[in-house]
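Notes to accompany the following structure.
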Amino acid sequence: MEKVIYKHEANGEYTGIYAQIENGKLTITEQDIGELEREYSRDGEVESFVFFDVTNTNRLKRALNVSNDDSLIASLKKKFKKYKGCMKSEICNFCEEHDIKYTTDVYY
């Protein structure tokens with residue numbers, strides 16, 4: 001089940017960041033909607049993804065000193081909430097610092 005780890009809506013702009021662990025694999029999704037996104041997307045929506053395989057999801061758990069899926073998502077939300085809409089980028093920076101591998105994708 002996907003859980004919200006950040007959400008902001010104001011003046012017709014929306015950013016939502018979600019985390020989901022399925023079959024031991026973490027996926028972080030960022031959804032941006034609004035006029036700013038119309039520069040990149042016809043419908044004004046941009047979705048970006050960060051994918052972790054099982055091995056690297058487990059590495060992230062160890063780096064954050066958590067042992068299960070729910071505590072990983074809670075830890076991500078707590079540790080990175082101060083970055084607000086840049087949370088996904090800061091999670092990626094943390095992973096790079098700890099040699100945790102991931103892949104990304106973007107849909108415009």
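Both backbone and side-chain heavy atoms feed into the values below; hydrogens, waters and symmetry mates do not.
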With sequence neighbours excluded, what pairs up with [X] under the salt bridge (Lys or Arg N to Asp or Glu O under 4.0 Å) test?
X      : answer
Asp53  : none
Asp69  : Lys61
Lys101 : Asp99

Nearest 0.5 Å please: distance from the [atom1] atom of [X] over to the [atom2] atom of [Y].
X     : Y      : atom1 : atom2 : value
Lys79 : Phe94  : NZ    : CZ    : 5.0 Å
Asp32 : Ser48  : CG    : OG    : 6.5 Å
Leu76 : Met87  : CG    : CE    : 8.0 Å
Arg62 : Ile100 : CZ    : CD1   : 8.5 Å
Lys7  : Gln31  : NZ    : CD    : 10.5 Å

[Y] side chain reached by [X] side chain, heavy atoms, under 4.5 Å:
X     : Y     : result
Glu96 : His98 : no
Lys77 : Ile73 : no
Val50 : Lys88 : yes

Report whether Leu60 and Ile17 are members of the same hydrophobic cluster (ILVMFWY, side-chain heavy atoms less than 4.5 Å apart, transitive linking).
->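 Yes, Leu60 connects to Ile17 through the hydrophobic network.
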
What ring pair (Phe, Tyr, Trp, His ring centres under 6.0 Å) pairs are there with at least one residue in residues 51-78, not counting sequence neighbours?
->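 Sorted result for residues 51-78: Phe49-Phe51, Phe52-Tyr102.
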
Which residue pairs pass the ring pair (Phe, Tyr, Trp, His ring centres under 6.0 Å) test with at least one member in residues 13-38, sequence neighbours excluded?
->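 Not a single pair qualifies under ring pair (Phe, Tyr, Trp, His ring centres under 6.0 Å).
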
Aromatic contact, Phe80 with Tyr6 (centres under 6.0 Å) |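 So the answer is no for these two rings.
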
Solution key, residues 19-30 side-chain donor-acceptor pairs under 3.5 Å, sequence neighbours excluded:
unit_1, atom_1, unit_2, atom_2, d
Gln20, NE2, Glu22, OE1, 2.9

With a 3.5 Å cut-off and no angle check, do the side chains of Asn58 and Thr55 form a donor-acceptor pair?
->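 Result is no, nothing qualifies.
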
Within the distance-only criterion (no hydrogens, no angle test), does the side chain of Asn11 pair as donor or acceptor with the backbone N or O of Glu13 below 3.5 angstrom?
->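 No: the side chain of Asn11 does not pair with the backbone of Glu13.
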
Show your working on side-chain contact (heavy atoms from CB on, under 4.5 Å) between Lys81 and Ile5 and close with a plain yes or no.
-> CA-CA 8 Å; Lys81 71 180 176 183; Ile5 57 174; over 6 Å; no

